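What you see is a predicted model, and the numbers here were worked out from it, not measured in a lab. Just the heavy atoms: all of them, side chains too, but no hydrogens, waters or symmetry mates, feed the values below. All chains are named by letter (A, B, ...) in the order of the sequence lines, taking the proteins before the strands, and each is independently numbered beginning at 1.
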Amino acid sequence: MCGRFTCFLSAELLSQLYRVQVEPGSVPPRYNIAPSQPVLIVRELPDGSRQAAWVHWGLIPSWSKDPSVGGSLINARSETAAEKPSFRSAFRRRRCLIPASGFYEWQKKEGKSKQPWFITSDDGRPLSFAGLWEQWHSPDGSDIETCAILTTSPNERMEPIHHRMPVILAPESFRAWLSPESCPDELQGLLVPFPSERMKCYPVRTLVNRPGNDSPELLIPLKEPDKGEDNQ
DNA sequence: CCAGACGTTGTT
DNA sequence: GTCTGG
DNA sequence: CCAGACGTTGTT
DNA sequence: GTCTGG
């Protein structure tokens, strides 16, 4: 799955990679993005242009009476999102990309203990999560925009750590994912596990657990990045 | 017809 | 144990 | 996802 | 909003 991630990409890099306007200085580095917090997404507008926007992480279906459901809809299963009532309209018309530098997964160990891992690309390039966004009209008249990250089965590398992982798209897939023209089969074809050999995983200190701790210290590895030989 | 659910994760 | 807030 | 709260009364 | 169960 994906319950925490990082994004420390410059506005310039974001602009170039996603072909979108991003104001310099408007995207502070984040090392511990948690559900409910603002997240930068990239979406396509009706006129075909792309837009970067800040939305809350945790999707609130437009018909929901209670916005707190967003708290649990931080992920959407890629296998079923197209049909599920909570996600299908967003899947049809409101797909987005969620730029990230990497993400965290907690591996269950013996007993109740958990080991956090930081997972990133092998070459330092950004990751782009496949996401859905939604709009919710509050009774008080305000609108809240939210998003969820699609998940898929783990690749070989992730398997020992966790049984779900976020859907990560390559730049060649951005257009098809964002375009309203893409058909369901075409979209489904994009929602596959990111290749093992293109990611790097390393265990990190439990500092990640401290809410409000959002500093590069979180990324200090406990040991060298693990290529997958053994990681228990 | 109306009422109530609608989700993911992990855990048991 | 379970819920809420970040 | 994890961390932290989870309650009432009265008093300052 | 839309579907399912009663």
Side-chain angles (χ1 to χ4, degrees), chain A residues 1-7 28-40 54-95 98 100-120 127 129-139 143-154 158-168 184 191 193 201-215 217-219:
Chain A
M1 71 167 316
C2 184
R4 293 285 177 99
F5 66 101
T6 69
C7 184
R30 310 269 299 281
Y31 301 91
N32 196 6
I33 301 170
S36 80
Q37 294 180 345
V39 165
L40 188 75
W54 291 97
V55 306
H56 293 281
W57 184 14
L59 187 144
I60 307 172
S62 61
W63 43 261
S64 184
K65 286 177 189 127
D66 178 9
S68 69
V69 298
S72 49
L73 304 185
I74 63 172
N75 294 129
R77 293 178 65 89
S78 60
E79 300 91 332
T80 56
E83 284 80 40
K84 293 287 184 184
S86 294
F87 300 125
R88 61 190 169 195
S89 59
F91 192 94
R92 235 177 306 132
R93 302 182 229 289
R94 286 178 297 279
R95 297 179 296 276
I98 302 173
S101 299
F103 60 100
Y104 299 103
E105 293 289 2
W106 280 262
Q107 177 186 41
K108 294 208 56 123
K109 311 294 290 288
E110 295 275 318
K112 299 163 207 164
S113 67
K114 289 176 229 176
Q115 172 62 56
W117 290 73
F118 183 64
I119 297 106
T120 187
L127 302 180
F129 298 146
L132 305 175
W133 68 274
E134 190 53 276
Q135 194 166 37
W136 187 75
H137 304 289
S138 163
D143 279 2
I144 301 176
E145 290 190 323
T146 59
C147 70
I149 296 171
L150 292 172
T151 62
T152 186
S153 42
M158 290 290 304
E159 177 78 49
I161 299 176
H162 218 71
H163 65 100
R164 299 294 291 172
M165 64 180 277
V167 174
I168 298 165
L191 304 179
C201 308
Y202 54 89
V204 292
R205 297 179 193 284
T206 53
L207 292 169
V208 181
N209 299 353
R210 308 280 180 273
N213 187 343
D214 191 338
S215 79
E217 281 181 86
L218 297 175
L219 302 181

Measuring to OP1 and OP2 of [N], would you say a side-chain N or O of [X] lies under 4.0 angstrom away?
X	N	value
A/Ser68	C/dT4	no
A/Arg4	D/dC2	no
A/Ser36	C/dT4	no

**OP:** Verify, without hydrogens or angle tests, whether A/Asp214 (side chain) and A/Tyr31 (backbone) share a donor-acceptor contact under 3.5 angstrom.
**Re:**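 Present.
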Among [options], the nucleotide that comes nearest once only the side chain of [X] is considered:
X	options	value
A/Pro85	B/dT9, D/dC2, E/dG1	E/dG1
A/Trp63	D/dC1, E/dG1, B/dT9	E/dG1
A/Arg88	B/dT9, D/dC1, E/dT2	E/dT2
A/Ala34	B/dC6, C/dG6, B/dT8	C/dG6

Whole angstrom is fine here: how far is it from [atom1] in [X] over to [atom2] in [N]?
X	N	atom1	atom2	result
A/Glu79	B/dT9	CD	C1'	13 Å
A/Met1	B/dT9	CE	P	6 Å
A/Lys114	B/dT9	NZ	C1'	11 Å
A/His56	C/dG6	NE2	P	12 Å
A/Lys84	B/dA5	NZ	P	15 Å
A/Asn32	C/dG6	CG	P	14 Å
A/Asn75	D/dC2	CG	C1'	14 Å
A/Asp66	B/dG4	CG	P	16 Å

**OP:** Identify which one of A/Val39, A/Ile119, A/Thr120 satisfies the side chain to side chain contact (heavy atoms under 4.5 Å, CB included) criterion when paired with A/Phe5.
**Re:**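 Answer to the side chain to side chain contact (heavy atoms under 4.5 Å, CB included) test with A/Phe5 among A/Val39, A/Ile119, A/Thr120: A/Val39.
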**OP:** Run through A/His56, A/Arg93, A/Arg94 and flag the one making a side chain to side chain contact (heavy atoms under 4.5 Å, CB included) with A/Trp133.
**Re:**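 Exactly one pass, corresponding to A/Arg94.
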**OP:** Assign A/Phe87 to base, sugar-phosphate, or nothing according to its heavy-atom contacts below 4.0 angstrom with the strands shown.
**Re:** sugar-phosphate
**OP:** Indicate, with a heavy-atom threshold strictly under 4.0 Å, whether A/Thr80 touches base, sugar-phosphate, or nothing.
**Re:**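 Sugar-phosphate only.
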Whole-Å [atom1] distance, [N] and [M]:
N	M	atom1	answer
D/dC2	B/dT8	C1'	16 Å
B/dG4	C/dT4	C1'	24 Å
D/dG7	C/dG5	P	13 Å
D/dC1	B/dT9	C1'	9 Å

**OP:** Report the relative orientation of the aromatic rings in A/Tyr104 and A/Phe118; use parallel for angles under 30°, tilted for 30 to 60°, perpendicular for over 60°.
**Re:** tilted
Original post:
If we call it a pair only when both distances are under 3.5 Å in a Watson-Crick or G-U wobble match, what pairs with B/dC2?
Top reply: E/dG5
Subject >> Gap between atom CD1 of A/Ile74 and atom CH2 of A/Trp57 - 0.5 Å precision >> reply: 5.0 Å
Subject >> Nearest-0.5 Å distance, OG1 of residue A/Thr146 to CG of residue A/Leu132 >> reply: 9.5 Å
